[in-house]
Amino acid sequence: MSFPHSSRTPGPESLIPPTRTRKRYATRVYIIALVAAIGGFLFGYDTGVISGALLFLKRDFALTNFQQELAVSSVLVGSLTGALVGGRLSDWLGRRKALIGMGLLFALGALLTASASNFSLFLLWRVVLGFAIGVSSFLAPMYIAETAPPALRGGLVAFDQLLITAGIAISYWVDLAFVNAGMGWRPMLAVAAIPGMGLLIGMLFLTETPRWLAKQGRWQEAEQALTHLSVPERREEMVAIREAVRDTQHVTLSEFARSGMILALVAGIGLAVFQQLVGINTVIYYAPTIFGFAGFSSASVAILATSVVGVVNFLTTLVSVLIIDRVGRRPLLLGGLVGMFVALVLMGSIFALGTSHTGYLVLGALLLYIIAFAIGMGPVFWLMSSEIFPTSFRARGASITTFFNWSTNLLISITFLSLAAHLGLPVTFWLYAGFCVLAFLFCWFIIPETKGRNLEEIERFWKQGRRWN
Ligand code: BGC
């Protein structure tokens, strides 16, 4: 693990042997990323868990098809709202306090949903949970980005995506375990209270981000936070933060547009929309259904195949986290989109041809698809939406891109079954393949390589009309 080297004159902190300072810093940033990324884990768990829980909800509340769709999408409605107001919330409360609040909401929401006595209450608590998911889906990576050093930021923020995929994978296996134990949907939802409490308690021990404190004019506390984080190049960091905050102190949304930052917003929104248009959540929420279409007639085999997809999603994201700061964002993004395009064309063709081995071929194509998503688009979108905006606009910018992400997610999730019924599965998958082509062109022309750049350099890049210094 390497850190950028400092060229400044030695200060008092240089009396500490540099390697020890750096080791302590590295340990801290990993612990911090781990705690904040519990928010990501809960995002994954609470969205993934519904696929298995639905079978039992349907039985217990005698749900119609439309009510089942409501059960799935209620959480997305909450997430949209969370993404919309979360930016202001975290600007007002601070990143840390907002995350503490979300931990509480996750824990309460899990217990209340699990004990809902009727379907209306169930929906209400799912919306509340969705709110916590929406807020923490951008706040957790943002908290990490604001506390991580440039050299490690990519991997550390992508760590949040890793925990999202861990949450999804674990929710599938938990579903399977409770299905086998014949215990129904309530415990599936209730166990999420444990990581919720973990987020709450963990965040109590962490510091507010230096960048947020500086933005509030609390310079001394910002310096203390850098000390608490054991940042080795504390002075350079402070200078960079001062510059960034001074340049953007009184910027309003319209000034944001005028100062050239609108391109950053376009980049973020484009990534957000394309991350969903390529159809990822048709797989995450509907994989058992797709396997059913492909001829896996037993529900448990379909759920088992889904669980394998969940594990592959997690393992590939792990690889991405390990290589993203070395390989860079663009190669992973563009390479991943090519892989997704090939997988979707294959998937459509398999359904169009209807061979006798459709089930296994679809499993193969789905695995290729999930690998290609998890190596690029999955982690890169969340990483970029937390690193392409200047400090003053980071919360609002990330909240806008996250809002677009959840809106497009909702659009794709509630239209998949109807599209499949009206256009047929092959055309539906080819449609998503078409979106991969558009996404590729968008990324090729708009998305910069931010590997190894500090947040302030990235800010200048946009302000100077997309030019690095
Ligand atoms: C997406 C989610 C998706 C997950 C799958 C995330 O990056 O935002 O919508 O369910 O990846 O791993």
Side-chain angles (χ1 to χ4, degrees), residues 36 38-54 56-57 60-61 63 66-90 92-93 95-140 143 163-164 167-168 170-171 174-175 184-203 281 284-285 395 398-399 402-403 405-407 409-410 413-414:
I38 298 175
F41 178 87
L42 282 154
F43 161 5
Y45 188 92
D46 279 323
T47 51
V49 73
I50 198 71
S51 63
L54 198 59
F56 296 89
L57 281 164
D60 292 359
F61 292 135
L63 301 184
F66 175 63
Q67 286 173 318
Q68 287 180 59
E69 282 171 357
L70 279 182
V72 173
S73 52
S74 51
V75 88
L76 301 179
V77 173
S79 307
L80 279 180
T81 324
L84 209 57
V85 301
R88 281 175 202 281
L89 189 76
S90 74
W92 172 55
L93 280 178
R95 317 321 193 201
R96 173 177 168 268
K97 281 194 190 142
L99 274 173
I100 291 174
M102 290 313 113
L104 185 65
L105 214 55
F106 270 123
L108 280 178
L111 296 177
L112 290 167
T113 323
S115 55
S117 53
N118 60 51
F119 186 55
S120 306
L121 276 178
F122 173 85
L123 288 182
L124 174 70
W125 298 129
R126 282 294 281 175
V127 173
V128 170
L129 260 183
F131 182 86
I133 296 174
V135 173
S136 51
S137 63
F138 78 90
L139 194 51
Y143 182 88
L163 264 81
I164 296 176
I168 293 173
I170 289 176
S171 78
V174 167
D175 280 2
W185 59 274
R186 293 184 192 276
M188 294 177 187
L189 297 166
V191 291
I194 302 168
M197 287 308 293
L199 179 62
L200 191 160
I201 296 169
M203 286 306 300
N281 286 312
I284 300 299
Y285 307 156
S399 135
T402 307
F403 169 77
N405 187 262
W406 286 110
S407 311
N409 184 349
L410 183 60
S413 308
I414 60 169

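What you see is a predicted model, and the numbers here were worked out from it, not measured in a lab.
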Peer 1: Please find the pair of heavy atoms, one from A71 and one from I50, that lie closest to each other, and give the distance.
Peer 2: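 Here A71 and I50 meet closest at O-CD1, 3.9 Å.
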
Peer 1: Could you tell me whether the side chain of F122 reaches within less than 4.5 Å of the side chain of D60, counting heavy atoms only?
Peer 2: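 No; the side chains remain at least 4.5 Å from each other.
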
Peer 1: Run the side-chain contact (heavy atoms from CB on, under 4.5 Å) test against Q67 and tell me which residues pass, sequence neighbours left out.
Peer 2: L63, T64, F119

Peer 1: Can you name the nearest heavy-atom pair linking S171 to G48, along with the distance?
Peer 2: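 Heavy-atom minimum between the residues: OG-C, 3.2 Å.
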
Peer 1: Rounded to the nearest 0.5 Å, what separates atom CD1 in I170 from atom CG in D175?
Peer 2: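 The CG atom of D175 is 12.0 Å from CD1 of I170, to the nearest 0.5 Å.
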
Peer 1: Between CG of L129 and CG of L111, what distance do you get to the nearest 0.5 Å?
Peer 2: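 Between atom CG of L129 and atom CG of L111 there are 9.5 Å.
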
Peer 1: Just to verify, what does N409 make a side-chain hydrogen bond (donor to acceptor under 3.5 Å, both in side chains) with, not counting sequence neighbours?
Peer 2: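 With sequence neighbours excluded, N409 shows a side-chain hydrogen bond (donor to acceptor under 3.5 Å, both in side chains) to N281, Y285, S413, given in chain and number order.
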
Peer 1: So if I apply the side chain to side chain contact (heavy atoms under 4.5 Å, CB included) rule between L105 and each of I133, L199, V128, which one comes out positive?
Peer 2: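 Testing each of I133, L199, V128 against L105, the sole residue satisfying side chain to side chain contact (heavy atoms under 4.5 Å, CB included) is V128.
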
Peer 1: Can you confirm whether V174 sits close enough to V49 that some side-chain heavy atom of one is under 4.5 Å from a side-chain heavy atom of the other?
Peer 2: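 A side-chain contact is absent here, since even the closest heavy-atom pair is not under 4.5 Å.
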
Peer 1: Grab the two heavy atoms, one from S407 and one from L80, that are nearest each other, plus how far apart they are.
Peer 2: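 The pair with the smallest heavy-atom distance is OG-CD2, 3.1 Å.
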
Peer 1: Under a 4.5 Å cut-off applied to non-hydrogen side-chain atoms, are I168 and I284 in contact?
Peer 2: yes

Peer 1: What pair of heavy atoms forms the shortest contact from P195 to F41, and how long is it?
Peer 2: CG-CE2, 3.8 Å

Peer 1: Quick one: list whatever passes side-chain contact (heavy atoms from CB on, under 4.5 Å) with I194, sequence neighbours left out.
Peer 2: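 Once residues adjacent in sequence are excluded, I194 has no partner under the side-chain contact (heavy atoms from CB on, under 4.5 Å) criterion.
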
Peer 1: Please list every donor-acceptor pair under 3.5 Å in which a side-chain atom of residues 96-104 meets a protein atom from a residue at least two apart or in another chain.
Peer 2:
unit_1	atom_1	unit_2	atom_2	d
R96	NE	M203	O	3.2
R96	NE	L206	O	2.6
R96	NH2	L204	O	3.1

Peer 1: For A192, check side-chain contact (heavy atoms from CB on, under 4.5 Å) against everything at least two apart and list the hits.
Peer 2: L42, Y45, D46, A110

Peer 1: Donor-acceptor check, side chain of R126 to backbone of V72, threshold 3.5 angstrom: yes or no?
Peer 2: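 Checked: no pair found.
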
Peer 1: Suppose we screen for side-chain hydrogen bond (donor to acceptor under 3.5 Å, both in side chains). Which residues come up paired with N405, at least two apart in sequence or across chains?
Peer 2: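 N405: side-chain hydrogen bond (donor to acceptor under 3.5 Å, both in side chains) contacts with Q275, Q276.
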
Peer 1: Hey, are the side chains of V135 and S90 touching, using non-hydrogen atoms and a 4.5 Å cut-off?
Peer 2: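 Contact flag for V135/S90 side chains = no.
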
Peer 1: Considering all heavy atoms of both residues, which atom of T113 and which atom of W125 are nearest to each other, and what is their separation?
Peer 2: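 Closest pair (atom of T113, atom of W125, distance): OG1-CB, 3.4 Å.
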
Peer 1: If the condition is salt bridge (Lys or Arg N to Asp or Glu O under 4.0 Å), which residues does R95 pass it with, not counting sequence neighbours?
Peer 2: D91, E146

Peer 1: W406: what forms a ring pair (Phe, Tyr, Trp, His ring centres under 6.0 Å) with it, not counting sequence neighbours?
Peer 2: F43

Peer 1: Is the backbone N or O of F131 less than 3.5 Å from a side-chain atom of S79, with the two atoms forming a donor-acceptor pair by type?
Peer 2: no

Peer 1: Would a 4.5 Å heavy-atom cut-off, applied to side chains only, mark W185 and L54 as touching?
Peer 2: no

Peer 1: Shortest non-hydrogen contact from R186 to A116?
Peer 2: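 Minimum heavy-atom contact is NH1-O, 2.9 Å.
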
